[in-house]
Structures are given as C-alpha cells and as structure tokens.
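Encoded as structure tokens, the structure appears first; notes follow it.
Computed from a predicted model, the values in this text were never measured in an experiment.
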2 protein chains.
Amino acid sequence: MGVMNPLQTLDAAVDPSCCVPSAKPALSVEEAQQKALVFKALADPNRLRLLSIVKAEEAGESCVCDLTGPLDLGQPTVSHHLKILVEAGILHREKRGTWAYYSLVPGALDDVAGILSGL
Amino acid sequence: MGVMNPLQTLDAAVDPSCCVPSAKPALSVEEAQQKALVFKALADPNRLRLLSIVKAEEAGESCVCDLTGPLDLGQPTVSHHLKILVEAGILHREKRGTWAYYSLVPGALDDVAGILSGL
DNA sequence: CGGCTATATCGACGAATGTCAATCTATTGC
DNA sequence: GCAATAGATTGACATTCGTCGATATAGCCG
C-alpha cells in the first residue's frame, strides 16, 4: 500500500488539548508535509470544479463521462485529477461495471477546515 | 495594482441563496481560478509552518528574523513565501522601522473554510 | 471469440514552483 | 555622510505539475 491518504492519517483521534489554548509547538516538518498534500490537491481550478460538480450531483456521485464534458479537458487528464483527489482522501471511487463513480468522502471537507482551525 | 487579493474578492457580499440548498451551477472557470489561488498559497509545507508560527505568537505578529531560524531556509526564500501568503490575503505585512511584522489577517482562515463549505 | 465502450496508465513536453546566491533598498546609529 | 543591518528583489537552476496523444486494461454484448 505504501502511502496512506493524508486525510485519514491526520489527527484521526481528536487531540484532547484541542480546546485548551495552550502554547502549541509549531508544525513539525512531517505534519506540514502531510497537511500540504491535502491543500495541493485543492490547489488546481479544474480539481475544484470537479469537486463542485460531484458535490452538486443529486445522486451524490458522478461517473467520469459526466465530468469530461463540463471541464473541457481530455479524459486522461480528468482521470488524473480524480486520482489526485482520491489519494488526498477527498473523493471516493467505486467501480460498477464499466463505469467508475466518484463521490465526496463524508466529512472530508470538514476535516480540511479542521486543519485550518488547528493550524 | 493590477491583481486584487483572492480572499478579499471572494464572496465579499454573502450570497442570499447561501442557506437555500438550491441547485448551484458548478464553479465557473474564473471562480475556480480565484479559489485555487488561496489553496495554492497553502499548498506548501514551509508556508504552513510559517502560518503556524505566526499564529502561535503571543503578540500575534512575527518579524522575518524570527521566521528564518525555525524553517531552515534562507532569508530570501522566507521573504518569498511570506509574499505569497500576503498576496493570497492570509497574512498582513506591516513595516515598522527596519523590521517587517507579519500577522494573520483576522478571519482569513475562516474565509478559506467558507470556500470549502460553499464548494 | 471479437468488437465496442469506459476508464486508467504511460511517455513526453512546456509551464509553473521552490530554492539559493548575489544584489538592491531603506532605515538606524555613529 | 558612512557603515551596518533587515528585508525585498532578481536571475538561475532543478524539480514538480498539468496537459495531451497513444496505449493498455477491463467489462459488456453480439
């Protein structure tokens, strides 16, 4: 498996000191790298549009064929962006037959907001 | 002046439809680019550590000389990262005498969280 | 099986990014 | 004015990133 997805490994258990404004040591290099991975995944306009489309979908999921059109990108490029979002722990991929359906990982965006408030 | 900082130009007036879960059109290309700028600024481990240090500071501000040490980066590189964070609307820069003090823009990180929840 | 369709992977290429050494600017203090 | 100091800017370089065309994989259907 090699590398775990950043959002699953980030503060899985809530830090008990979260509500105590004690002097926090600055982010370690490793923590910073982990958290930067999530923001890197969000740091592309086309990936933000992908998320926006997936989130807006009634069914909560979209297949790749529904995503290539609106983005004006080639199919390989869309697949590439989706992979990055999955590896960041933001999207979930489920293959059913020939189609691959992508959906928001529940709470993933809230977790990102948590990174921000926890600095 | 040319380019405005992304966080100031983002949803300055609250969208009245914010609380109505109506069918939102997917992010436009321009909106997506604007919002991606903010995440780009956060998508670097050293910039996250800079934010962490500035936020942890008692006085609410830090000068560059306090930031070069912990990061193990050259002074020009730190200056460069700080500039990116300022341009993204996340940090504020105030020059007093020879020193430059950087502080978090109040509410900036909350605004980023708002981008996430608004998709 | 053989063709068809949906998606993923690969290899290449140009653009953007992070870093540094060197230099420039501006402020302080003698 | 001059030297010293804090910080910003510039130019160069290696690395990473976004995109594409071509190809590979895998499930469906005749």
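- In terms of position along DNA chain D, the nucleotide closest to B:Lys95 lies nearer the 5' end than the nucleotide closest to the other residue of the pair B:Lys95 and A:Pro76.
- For A:Arg93 and C:dA8, the shortest distance from a side-chain N or O to OP1 or OP2 is below 4.0 Å.
- Each of B:Gly74 and A:Tyr101 was assigned the nucleotide of DNA chain C with the nearest heavy atom; the assignment lying further toward the 5' end belongs to A:Tyr101.
- Within the 4.0 Å cut-off from OP1 or OP2 of D:dT5, not a single side-chain nitrogen or oxygen of B:Thr98 is found.
- Taking only distance into account, the side chain of A:Gln75 never meets the base of C:dA6 through a donor-acceptor pair shorter than 3.5 Å.
- Between the CG atom of B:Asn46 and the C1' atom of C:dC20 there is a distance of 13 Å, given to the nearest Å.
- The minimum heavy-atom distance linking A:Leu27 with B:Arg49 is given by the pair O-NE, 2.8 Å.
- Following rounding to the nearest Å, B:Glu94 (CD) and D:dA8 (P) show an atom-to-atom distance of 13 Å.
- Between B:Lys83 and the phosphate of D:dT9, there is a side-chain N or O to OP1/OP2 separation shorter than 4.0 Å.
- Between A:His80 and D:dC17, a side-chain N or O to OP1/OP2 separation shorter than 4.0 Å is absent.
- For B:Arg96 and D:dA6, the shortest distance from a side-chain N or O to OP1 or OP2 is not below 4.0 Å.
- If you check C:dT19, C:dA6, C:dT17 against the side chain of B:Lys40, the one that comes closest is C:dT17.
- Atom CG in A:Leu73 sits roughly 18 Å away from atom P in D:dC17 (whole-Å rounding).
- As rounded to whole Å, 14 Å separates atom C1' of D:dT19 from atom CG of A:Leu50.
- Atom CG in B:Asp44 sits about 17 Å away from atom P in D:dT15, given to the nearest Å.
- Checking C:dC20, D:dG18, C:dT7 against every side-chain atom of B:Thr77, the shortest atom distance belongs to C:dC20.
- Remark: the backbone N or O of B:Ser28 is paired with a side-chain donor or acceptor of B:Glu31 at under 3.5 angstrom.
- Computed from coordinates, the A:Leu82 CG to D:dG18 P distance equals 13 Å when rounded to whole Å.
- Among the nucleotides C:dA8, D:dG7, C:dA6, the one closest to the side chain of A:Ser79 is C:dA8.
- Heavy atoms of A:Arg47 sit under 4.0 angstrom from primed sugar atoms or phosphate atoms, though from no base atom.
- Checking side-chain atoms of B:Lys55 against main-chain N and O of A:Ser117 turns up a donor-acceptor pair under 3.5 Å.
- Residue A:Tyr102 places at least one side-chain N or O closer than 4.0 Å to OP1 or OP2 of C:dA8.
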- Task: For the pair B:Glu61 and B:Val54, evaluate side chain to side chain contact (heavy atoms under 4.5 Å, CB included) and give the outcome as yes or no after the intermediate values.
- Result: CA-CA 6 Å; B:Glu61 60 180 17; B:Val54 171; 5.9 Å; no
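- Taking the charged nitrogens against the carboxylate oxygens, B:Glu87 and B:Lys40 have no contact shorter than 4.0 Å, which rules out a salt bridge.
- We find that NE2 of A:His81 is positioned 15 Å from P of C:dT9, with the value rounded to whole Å.
- Cation-pi geometry between A:Arg96 and A:Tyr101 is met: the NZ or CZ atom falls under 6.0 Å from the ring centre, inside 45° of the normal.
- One interatomic measurement links the two molecules: CG of A:Leu85 to C1' of C:dA8, which rounds to 16 Å at whole-angstrom precision.
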